[in-house]
Amino acid sequence: MRSTLRGWRRRALAVAAGAAVTATAMVAGVPSVAAQEFPAPDEIVSSSNMKQVAHLPPTAPLVGGTGTDIAFQGRYAFVGNYLGFTIYDIKNPKKTKIVSQVLCPGSQNDISVTGNLLFVSTDSRRSDDSCNSTSQNDGTKPYWEGMKIFDISDKSSPRYIKAVATDCGSHTHTLVPDKKGRSVYLYVSSYSPSASLSNCQPPHDKISIIEVPLRHPTQARIVAEPNLFPDGGNPGDGNPWPNGTSATTGCHDITVYAEKDLAAGACMGDGVLWDISDRTAPREIDRVQDDEHFAFWHSATFNNAGTKVIFTDELGGGGAATCNAEIGDERGADGIYDISGRGDNRKLNFKSYFKIDRYQTDDENCVAHNGSLIPVKGKDIMVQSWYMGGVQVWDFTDSSNPKRIGFWERGPAADPAEGGGSWSAYYYNGYIYSSDLGKGLDVLEINDPRTNKAKGVKMDELNVQTQGRYGR
């Protein structure tokens, strides 16, 4: 998601709280709204089962950058930012503290970790591959974009060790373990080619696959560039906002369930299920389109059993107000798909849509965005970001009848010059961590009988787009 979040106006707390109370009252099983005391200018409202337990605002040298994705390892959280990334110590989540920050500009800076390695995506043209690079807007001149690799064996002093250029840059990437434990692969997703860009020529129906030898990460290199859409994918319908569907010119995000040799791709105009038993040659099993309701297939999440996929529609690119009555409940939402059949006969079967029920004002960017499972055995429960719509926890165990559990939101950006809202909200070892576009890191806690069993599940590492199985 390229952020376009600027110029959002402040609303009155009474309006926010009143709208939230009205919406919540219509949904059975969702606790009542509780306004929370927190320093102005935030206008925090939440369900009574969720609360904020820590907040770390942006600090130099990353002030003014856009907060992005999160990865976890042990007692640490790694949070991307358009200006670099931050490593937080979350041993005591309520007293989260900064360990180190790295200034290394390049939009998205989507992030993942494994062992002593950290990977970040660069999806903007830079003068070179260093962290001292400058923007290179002229795509006909030499430029660099792609993947960067850091050694994080010393969390207080990350060390930049390798860069790999990829066509059209790296909007997002997905870490995929090999089957022998010797390497990891990075599935690099990028899109929007142009004849004016020397390293991003159309057509662009592929991903780049980088192999990283774990013992020799500086030998990382592209080993495959599979064409995922030999038929060109969804051509798009050419209709204007808010009813148009994007043409497929690459993928936005891919989630893998490596243990099951499956991947789910959110690829602009298409949702795809692949067999990745051969890590360098994804093979399509099934593909779905929904031109009536989906504008931009943005991300994907498997349930724990690997029998469902949640696809999100980023209507408006994250910069528009889509959580209102005008847009309705079936656009800018999640689509829930069950996987039926076996082997090559598996199919993605649409079951229902899910969207937050709290209408936001027309000044607030709000749409389905990044989330993760909450590990409750036998249930399918997810926490998810909705930009200025905040953080939502919901249950899709019954694919045809998803249920809301709780929410937290801070209200619109107080400063018209700021971006705002939650980019990623992930559950890790008992707490929810939310990366705000403009206001830093929030640590949230949910106390609800439907989710409390998850507190007993402890993970050593979490890259949300690299799903593993819990409750063995």
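Contact record, Cys131 with Pro105: O-CD, 3.5 Å, taken as the closest heavy-atom pair. When all heavy atoms are compared, the tightest approach of Ala224 to Thr280 is CB-O, 3.6 Å. Contact detail for His173 and Asp110: the closest heavy-atom pair is N-OD2, 3.1 Å. Closest heavy-atom contact between Asp237 and Gly244: OD1-CA, 3.4 Å. The two atoms that bring Ser192 and Cys200 nearest to each other are O-SG, 3.8 Å, heavy atoms only. Of all the heavy atoms in Cys267 and Phe229, the pair that sits closest is CB-CZ, 3.6 Å.
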(message) Tyr185 vs Leu175, test: side chain to side chain contact (heavy atoms under 4.5 Å, CB included). Steps then yes/no.
(response) CA-CA 6 Å; Tyr185 296 98; Leu175 189 153; over 6 Å; no

(request) Evaluate salt bridge (Lys or Arg N to Asp or Glu O under 4.0 Å) for Asp334 paired with Lys355, printing each intermediate quantity in order. (result) CA-CA 6 Å; Asp334 296 312; Lys355 194 171 182 179; over 6 Å; no

(request) List the steps and the verdict of side chain to side chain contact (heavy atoms under 4.5 Å, CB included) for Arg125 and Leu197. (result) CA-CA 10 Å; Arg125 295 178 296 281; Leu197 302 176; 3.5 Å; yes

(request) Begin with the C-alpha distance, continue with both residues' side-chain angles, and end with the deciding distance and a verdict on side chain to side chain contact (heavy atoms under 4.5 Å, CB included) for Thr245 and Gln289. (result) CA-CA 10 Å; Thr245 295; Gln289 299 174 351; over 6 Å; no

(request) Please report the C-alpha distance between Thr66 and Asn81 in whole Å, then the side-chain angles of each, then the deciding distance to 0.1 Å, and finally whether the side chain to side chain contact (heavy atoms under 4.5 Å, CB included) criterion is met. (result) CA-CA 5 Å; Thr66 299; Asn81 184 290; 5.7 Å; no

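The stretch residues 111-150 participates, sequence neighbours left out, in these ring pair (Phe, Tyr, Trp, His ring centres under 6.0 Å) pairs: Phe85-Phe150, Phe150-Tyr160.
Side-chain contact between Asn429 and Met459: present, with at least one pair of heavy atoms (C-beta onward) separated by less than 4.5 Å. Contact of the Val120 side chain with the Leu118 side chain is registered, since non-hydrogen atoms from C-beta on lie closer than 4.5 Å. Here the side chains of Val176 and Thr466 are not in contact, with every heavy-atom distance at 4.5 Å or above. Within the 4.5 Å cutoff, the side chain of Arg410 has heavy atoms near those of the His55 side chain. For the pair Val391 and Leu444, the minimum side-chain heavy-atom distance is below 4.5 Å.
Atoms OG1 and CD1, from Thr174 and Ile207 in turn, are 8.0 Å apart once rounded to the nearest 0.5 Å. How far OG of Ser121 is from CE of Met147: 4.0 Å, rounded to the nearest 0.5 Å. Here the CG-CZ distance, from Leu348 to Arg287, works out to 11.5 Å after rounding to the nearest 0.5 Å. The structure places CD1 of Ile161 at 5.5 Å from CG of Leu117, a figure rounded to the nearest 0.5 Å. Atom OG of residue Ser112 and atom CG of residue Asn463 lie 5.0 Å apart, to the nearest 0.5 angstrom. Put simply, CD1 on Ile90 and CG on Leu441 are 8.5 Å apart, with the number rounded to the nearest 0.5 Å.
Asp270 and Thr248 share a donor-acceptor pair across their side chains, judged by distance under 3.5 Å alone. Asp123 and Gln108 form no side-chain donor-acceptor contact under 3.5 Å, judged by distance and modelled atom types alone. Side-chain contact check for His204 and Ser190: at least one donor-acceptor pair (N or O, by modelled atom type) lies under 3.5 Å. Side chains of Asp128 and Ser133: a donor-acceptor N/O pair is absent below 3.5 angstrom, by distance only. In this structure, a donor-acceptor pair under 3.5 Å is present between the side chains of Asn234 and Asp291. Side-chain N/O atoms of Glu461 and Gln73 include a donor and acceptor closer than 3.5 Å. When only modelled atom types and interatomic distance are considered, Ser385 and Ser424 share no side-chain donor-acceptor pair under 3.5 Å. Between the side chains of Asn137 and Ser135, at least one donor N or O lies within less than 3.5 Å of an accepting N or O. Looking only at atom types and distance, the side chain of Trp408 has no donor-acceptor partner in the side chain of Gln52 under 3.5 Å away.
Considering only residues two or more places apart in sequence or on other chains, Thr301 meets the side-chain hydrogen bond (donor to acceptor under 3.5 Å, both in side chains) condition with none of them. Residues forming a side-chain hydrogen bond (donor to acceptor under 3.5 Å, both in side chains) with Ser399 (at least two apart in sequence, or on another chain): Lys308, Asp338. Annotation: side-chain contact (heavy atoms from CB on, under 4.5 Å) contacts of Ser372 (sequence neighbours excluded): Val383, Tyr426, Tyr427, Val464. With sequence neighbours excluded, the residues forming a side-chain hydrogen bond (donor to acceptor under 3.5 Å, both in side chains) with Glu225 are Lys206, listed by chain and number.
Taking the six-membered ring where the residue is Trp, the centroids of Phe296 and Tyr191 are separated by under 6.0 Å. Aromatic ring centroids of His369 and Trp423 lie under 6.0 Å apart. The six-membered or imidazole ring of Phe396 lies away from that of Phe354, with a centre-to-centre distance of 6.0 Å or more.
Counting heavy-atom neighbours within 6.0 Å of Lys458 NZ, excluding the residue itself, gives a total above 12. More than 12 non-hydrogen atoms from other residues, nucleotides or ligands lie less than 6.0 angstrom from NZ of Lys260. Counted within 6.0 Å of CG on Asp231, heavy atoms from surrounding residues, nucleotides or ligands total more than 12; the atom is thus considered enclosed. The number of heavy atoms from other shown groups lying within 6.0 Å of NZ (Lys455) is above 12.
Put simply, the residue from Phe78, Tyr433, Tyr88 that forms a ring-ring contact (aromatic ring centres under 6.0 Å, His included) with Phe72 is Tyr433.
Of the charged side-chain nitrogens involved, none lies within less than 4.0 Å of a carboxylate oxygen, so that Asp129 and Lys148 do not count as a salt-bridged pair. Note on Lys179 versus Asp278: no salt bridge recorded, every NZ/NE/NH1/NH2 to OD/OE distance being 4.0 Å or above.
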What donor-acceptor contacts under 3.5 angstrom involve side-chain atoms of residues 94-103, with partners at least two apart or in another chain?
residue: Thr96; atom: OG1; partner: Pro93; partner atom: O; Å: 2.7
residue: Ser100; atom: OG; partner: Lys155; partner atom: O; Å: 2.6
residue: Gln101; atom: OE1; partner: Thr59; partner atom: OG1; Å: 3.0
residue: Gln101; atom: NE2; partner: Thr59; partner atom: OG1; Å: 3.3
residue: Gln101; atom: NE2; partner: Thr86; partner atom: OG1; Å: 3.1

